[in-house]
Amino acid sequence: MRQRTNIIAGAVFVLLVIATFIVLGQGRNTQRLQAGFLGMIQPFLKHGSSLDRKLTELREGLKSLKQLEEENKRLTIANKELSATNQTLRGFETENNRLRKALGYRENFPFQLMPARIIARDASTWYQTVKIDRGSEEAIEPDMPVITEEGLVGKTTVVSEHAATVILISDENCRVAAAVEGSSEKGIVRGERVSNYGIPVIGLGFLTKLANLQPGQKVYTSGMGGVFPSGVLIGAVRDFKVRELDGYATLVPAVDLSTIDDVFVVISETK
Amino acid sequence: MIFFGILLVTMFVAAVAQHFIGPVPFIFARVMLVPMVMFYGALALPLPGMLALAFVGGLMNDALNTQYSDGVVEIAAGWSIILYAGLGTIMSGFRPLFQRGRWEIHCLLSGICTSFIVLAEYLMITIRRQPVQLVFNEQVWWRIGGAGLIAAFLSPLIFFLFNYLAALTGYDPQPERGLIKR
């Protein structure tokens, strides 16, 4: 009797696995499954994340009223400075667009930024992703660039209603077209599968063998490929070596990917 | 049936909890809770129950970890189900020993099988990504072996917790040892 039950269970299992492969064989269905599951666990991740933050705050100790007043004053001044800078840059942007138009180039549209909070870090061994608390309901779509004020973080992949997965630039599957400051060198930035004892490692490949990049030279997104806007800081050159077919530089990421908490998703402004 | 439900719920909780447990310092291996629950189920449940756990656990693992980038799925969703079921079947073979009260079987096999899962993931990624770079340096070995060591260390805790829960629900995973006083 038990043997018969086992055979039936085995047969049902095999059929289910075959059905899973057939249904999820199409990438779109896998993405739907992932989005559905992400949506299911999102409330738990969000609450868990806020609890984690509260515990960290508690550990760091409560700030006194005087400290808060000083911080508030400092932030108000910083806010005014940034607003003033922003106004000036908007002016330059308008002027730039006007001039580009006059020259017949496509007009540059300003970007809209959606602030997001990291609610979970990756739970797997070989992938480097984070989960953020914004999803399709907040106009997030797959393949949107994610940045901080310091530089590039990655791009969105799976998007559920109120959460999204962001693949970090330190992941081997995230490739970014890049340009090197002060040179005409262009290449592809890619993460490495195994980090350097916990420190994310990214490299810039497909450079010419004569590139001879110097430590400290900055690397920015080139805007090619259509996902990442141009001019976003990726990192700085750590060292350069010549490989068999190309030049390769190891980079220090501009953003500390292991400690970031808040990010911005770049949403292109619609015409 | 109640105990099977508890294992399923715990598996879901484990999948969420894994997100808040960072890599272990120095070795950077992960604490893999979902396989640990799955492997306990493989020893405590009969074959149909184990297969059901493998299906749910594998699907959950793929839903969380399969990478979808540039319109391409890196490793087809469903592979984890086969991996879990295969390892679960091997563990089921040791069930008679487990039923006699040999708890260290769970500890040892959890460690080996968890390491095997991490190794299999690494090999699948390596073969899928071009150009194929089969790197096996110290860090890679620590991640593979470390995950198994952590699982082996934590499995007695999982074992006693689930045995306690099983006793509460009236299910006896080790009948020859006599967990439940009749």
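Letters A, B, ... mirror the listed sequences (proteins, then strands); counts begin at 1.
A donor-acceptor pair shorter than 3.5 Å can be found between the side chains of A:Ser258 and A:Asp256. Remark: the A:Thr156 side chain and the A:Glu141 side chain contain no N/O donor-acceptor pair separated by less than 3.5 Å. Neither side chain, B:Tyr171 nor B:Asn163, offers a donor N or O lying under 3.5 Å from an acceptor on the other.
With a 4.5 Å cut-off on non-hydrogen atoms, A:Phe13 touches chain B through its side chain but not through its backbone. If you measure heavy-atom distances from B:Leu64 to chain A, the contacts under 4.5 Å come from both the backbone and the side chain. Neither the backbone nor the side chain of A:Ile8 comes within less than 4.5 Å of any heavy atom in chain B. When heavy atoms are compared at a cutoff of 4.5 Å, A:Asn29 does not approach chain B at all. Using a 4.5 Å cut-off between heavy atoms, A:Ser49 contacts chain B through both its backbone and its side chain. If you measure heavy-atom distances from A:Leu38 to chain B, you find no contacts under 4.5 Å at all. Heavy atoms of A:Thr30 lying under 4.5 Å from chain B belong exclusively to its side chain. Contact of B:Asn61 with chain A is not made at all, since no heavy-atom distance falls under 4.5 Å. For a residue to count as touching a neighbouring chain, one of its non-hydrogen atoms must lie under 4.5 Å from one of that chain's; by this rule B:Thr89 does not touch chain A.
The residue among B:Phe12, B:Tyr122, B:Phe55, B:Trp142 with the most heavy atom pairs within less than 4.5 Å of chain A is B:Tyr122. For the options B:Ile81, B:Ile27, B:Leu51, B:Ile21, heavy-atom pairs under 4.5 Å to chain A are most numerous at B:Leu51. When the candidates A:Thr125, A:Thr5, A:Ile41, A:Thr20 are compared by the number of heavy-atom contacts under 4.5 Å with chain B, A:Thr125 comes out ahead.
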Applying side chain to side chain donor-acceptor pair (under 3.5 Å), run through A:Glu185 and A:Thr208 and close with a yes or a no.
CA-CA 7 Å; A:Glu185 287 293 330; A:Thr208 63; 2.4 Å; yes

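For B:Tyr40 and B:His106, the gap between ring centers is short of 6.0 Å. Remark: aromatic rings of A:Tyr220 and A:Phe228 are distant, center separation not under 6.0 Å.
Under the 4.0 Å criterion applied to side-chain N and carboxylate O atoms, A:Asp143 and A:Lys155 are assigned as salt-bridge partners.
Summarising the geometry of A:Lys186 relative to A:Leu207, their closest heavy-atom pair is O-CD2, 3.8 Å, with the distance given to 0.1 Å.
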